[in-house]
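Before any comments, here is the structure.
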Amino acid sequence: MAARRISSLLSLSLASSSSLLTKGRISGVVSSYSTSSAVDNPITPSIKVDYTQLLINGNFVDSASGKTFPTYDPRTGDVIAHVSEGDAEDIDRAVSAARKAFDEGPWPRMTAYERSEVLFRFADLLDKHTEELATLETWDNGKPYEQSAKIELPMISRVIRYYAGWADKVHGLTVPADGPYHVQTINEPIGVAGQIIPWNFPLIMFAWKVGPALACGCTIVLKSAEQTPLSALLAAKLLHEAGLPPGVLNVVSGFGRTAGAALSSHMAVDKLAFTGSSATGKIVLTSAANSNLKPVTLELGGKSPFIVCKDADVDKAVELAHFALFFNQGQCCCAGSRTYVHESVYDEFIEKAKTRALKRSVGDPFKAGIEQGPQVNRQPFLQCGRSHVKLIPMEMQCCHTDANAYLNQIDSTQFKKILGYIKSGVESGATLVTGGERLGNKGYYIQPTVFANVKEDMLIAQDEIFGPVQSILKFKDMDELIRRANQTRYGLAAGVFTNDLDTANTLTRALRVGTVWINCYDVFDASIPFGGYKMSGQGREKGVHCLSNYLQVKAVVTKLKNPAWM
């Protein structure tokens, strides 16, 4: 399973000193760390960035304005490449190409088997170009290369093959009716799909969006995240090499407030899929409703509980909880960012969680054995879990005075946002067990951070930090745990670590989340649906359920004359 394969990459050592440590309640904090010198001596990737333009109607083209924007190496802050900056005019060009490809082109008119052949060829090309794609993903995002190459790329080609297999199995039903009628349902492609993907898993989100849409016969305009635009352009190029007709997939690099807003509100887009923050999801949903009422699927934020029960093997629970939070630098929407531990094993768990965090290897993600690279750095919106949030472009205001005091110290970068939340944890009275500071003097590295004695009303227990910050809370009994675990605006996922079947069954049904992992975490098989309750979104990605996002159901009723049977 993917989780076990990823977990096998987790071992080794980390660290550095912390000036914040003297401000909070300390629990035997280690004051000196050792880490890889790769933080200061980054490896130069061996590939060339070949694709930086927009992909519209099968061709790489400059933006209409001629503008570009830089994409940065999070290891150093240096510019990797300048990428064409799409805006409303480019979105309009891309939608026009997708509209024509759907209304007049061959893709929806191919047999389903022919579409599946293109997707299977694409999966083969992904496997062939694993090194190049994984290098771009790591260079642009900061995640470990071993994760990109050995875990994510195989998962991506598996998702594409999964939906290639579904392409010729999308069919309707024959429905019995009261009366002399033949009734059938037909599943038709919904049309032009607008898709907006995030920066934390650019290629995985590309596959989750593009795979089912193409299998159903739709055409696509995809907006990549401005922080990580490079891998989607290469993947799209490979899809055309596999035989995708021009105009079926168009990729526009650009910013949410321009390109994203234009795509969300475009009158010729028939369906919208978005993955990102809950705050931005609200804006996307409103834009879609105020335009042509296009249906929207949303995969949004989370503050997922990871529950360690009293019967747990503490060593195994510590390792899995560590993985659930720190994987991908903590930049996962479903990260187990609220670690609930039963009071009978709480103290032991804290000490072992500290030890595990201190062993985490942080450094250049291109170096073998590195578990944690730099944060991606850029993040356009912040969220406060305490009260109503008003979003202003590139800013945030909150009606809770204390929250504003902290958030006003945080600028729009992901790196500084995380450090701001760490500061809020210390000043609100949580115990900083280890970490809490920047690591090195170059790039956006943060020490793996562990907080104990966290309370529900603290920002670090309410907000989606999206970084390597583990918040550990103590619980006493099951009823209390269920109430507290569900006391959040999110509902994306949860983890339960127990050997008791009754406990597992109780929690599985009681937790208001879209996925519950029992004695495992982050298992993302292509067939498993993924999505959330409450403000974690609507609709599902992956699995057979995702196909319905890209289909319209049509009923066809034909009157029968003298039927032999009904």
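No donor-acceptor pair under 3.5 Å is formed between the side chain of T449 and the backbone N or O of G435. The backbone N or O of I528 sits nowhere less than 3.5 Å from a side-chain atom of R540 that would complete a donor-acceptor pair. Remark: the backbone N or O of K534 is not paired with any side-chain donor or acceptor of R489 at under 3.5 angstrom. D78 places no side-chain N or O within donor-acceptor distance of the main-chain N or O of D73, the cut-off being under 3.5 Å. A distance-only check finds a donor-acceptor pair linking the side chain of E464 to the backbone of G302 [under 3.5 Å]. With T219 contributing its side chain and A98 its backbone, the two residues share a donor-acceptor pair below 3.5 Å. At least one donor-acceptor pair closer than 3.5 Å links the side chain of N292 to the backbone N or O of M267. Judged by distance alone, with hydrogens and angles left aside, the side-chain atoms of N250 form no donor-acceptor pair with the main-chain N or O of V221 at under 3.5 Å. A donor-acceptor pair under 3.5 Å is absent between the side-chain atoms of Q329 and the main chain of P468, judged by distance alone. Counting only distance, with no hydrogens or angles, the side chain of R75 and the backbone of I43 share a donor-acceptor pair below 3.5 Å.
Within the model, atoms CG of L238 and CG of L234 stand 4.5 Å from one another, a figure rounded to the nearest 0.5 Å. To the nearest 0.5 Å, the span separating OH on Y162 from CE on M155 amounts to 14.0 Å. Atom SG of C332 and atom CG of D522 lie 5.5 Å apart (nearest 0.5 Å). Here I460 contributes atom CD1 and S471 contributes atom OG; the two are 4.0 Å apart, rounded to the nearest 0.5 Å. Put simply, OH on Y490 and OG on S304 are 10.0 Å apart, with the number rounded to the nearest 0.5 Å. Rounded to the nearest 0.5 angstrom, K417 NZ and I465 CD1 are separated by 8.0 Å.
Residues K209 and T275 bring a donor and an acceptor atom of their side chains to less than 3.5 Å of each other.
Across all their heavy atoms, A242 and F122 have their closest contact at CB-N, 3.6 Å. Shown here for P198 and M205, the closest heavy-atom pair between the two residues is CD-CG, 3.4 Å. Among all heavy-atom pairs drawn from A493 and V513, the shortest one is O-CG1, 3.6 Å. Here the closest heavy-atom approach between residue F69 and residue E226 is recorded as CE1-O, 3.2 Å. Nearest heavy-atom pair across H82 and V79 is CE1-CG1, 3.8 Å.
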Checklist line | From CA spacing to verdict: side-chain hydrogen bond (donor to acceptor under 3.5 Å, both in side chains), D140, T228 | finding: CA-CA 5 Å; D140 219 10; T228 54; 5.1 Å; no
Item checked: side-chain contact (heavy atoms from CB on, under 4.5 Å) between L133 and L203, intermediate numbers included -> CA-CA 9 Å; L133 287 161; L203 278 175; 4.0 Å; yes
Next item on the list: Show your reasoning for whether side-chain contact (heavy atoms from CB on, under 4.5 Å) applies to Q375 and I418.
Entry: CA-CA 9 Å; Q375 310 305 129; I418 296 166; 3.5 Å; yes
Next item on the list: Take V426 and K423 through the side-chain contact (heavy atoms from CB on, under 4.5 Å) test and state the conclusion after the steps.
Entry: CA-CA 5 Å; V426 171; K423 181 177 181 181; 5.8 Å; no
Note to self: Let's go through E371 and R356 carefully: what are the C-alpha distance in whole Å and the side-chain angles of both, what is the deciding distance for salt bridge (charged side-chain N to carboxylate O under 4.0 Å, His left out) to 0.1 Å, and is it a yes or a no?
What the structure shows: CA-CA 12 Å; E371 297 176 277; R356 180 62 182 91; 2.8 Å; yes
Notebook entry, point to check: Hey, mind stepping through F366 and W139 against side-chain contact (heavy atoms from CB on, under 4.5 Å) and telling me if it holds?
Noted result: CA-CA 8 Å; F366 283 107; W139 197 3; 3.9 Å; yes
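Side-chain atoms of C334 and T515, non-hydrogen and from C-beta on, never get closer than 4.5 Å to each other. Side-chain contact between L432 and T434 is absent, with no heavy atoms from C-beta onward closer than 4.5 Å.
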Please tabulate, one pair per line, all N/O donor-acceptor pairs under 3.5 Å involving side-chain atoms of residues 45-53, not counting sequence neighbours.
unit_1	atom_1	unit_2	atom_2	d
Q53	NE2	D62	OD1	2.9

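The stretch residues 126-138 participates, sequence neighbours left out, in these side chain to side chain donor-acceptor pair (under 3.5 Å) pairs: D127-S157, D127-R161, H129-E132, E137-S231, T138-S148.
Note: F524 and F530 have perpendicular aromatic rings, judged against thresholds of 30 and 60 degrees for the angle between ring planes.
No salt bridge links D463 with K303; every basic N to acidic carboxylate O contact stays at or beyond 4.0 Å. A salt bridge links D90 with R93; the closest basic N to acidic carboxylate O contact falls under 4.0 Å. A salt bridge links E152 with K143: the distance from a Lys NZ or Arg NE/NH1/NH2 to an Asp or Glu carboxylate oxygen falls below 4.0 Å.
Of the options L230, L55, V83, L222, a side chain to side chain contact (heavy atoms under 4.5 Å, CB included) to S253 is made by V83 and by none of the others. Partner of D87 under the side chain to side chain contact (heavy atoms under 4.5 Å, CB included) criterion, out of V252, T258, D92: T258 alone. The side chain to side chain contact (heavy atoms under 4.5 Å, CB included) test with F274 is passed by exactly one of I283, T297, L300: L300.
Taking the six-membered ring for Trp and the full ring otherwise, the centers of Y521 and F327 sit at least 6.0 Å from each other. Proximity of the aromatic rings of W199 and F466 is defined here by a centroid distance below 6.0 angstrom, and this criterion is met.
Scanning for side-chain hydrogen bond (donor to acceptor under 3.5 Å, both in side chains) contacts around E89 gives an empty result, with sequence neighbours left out.
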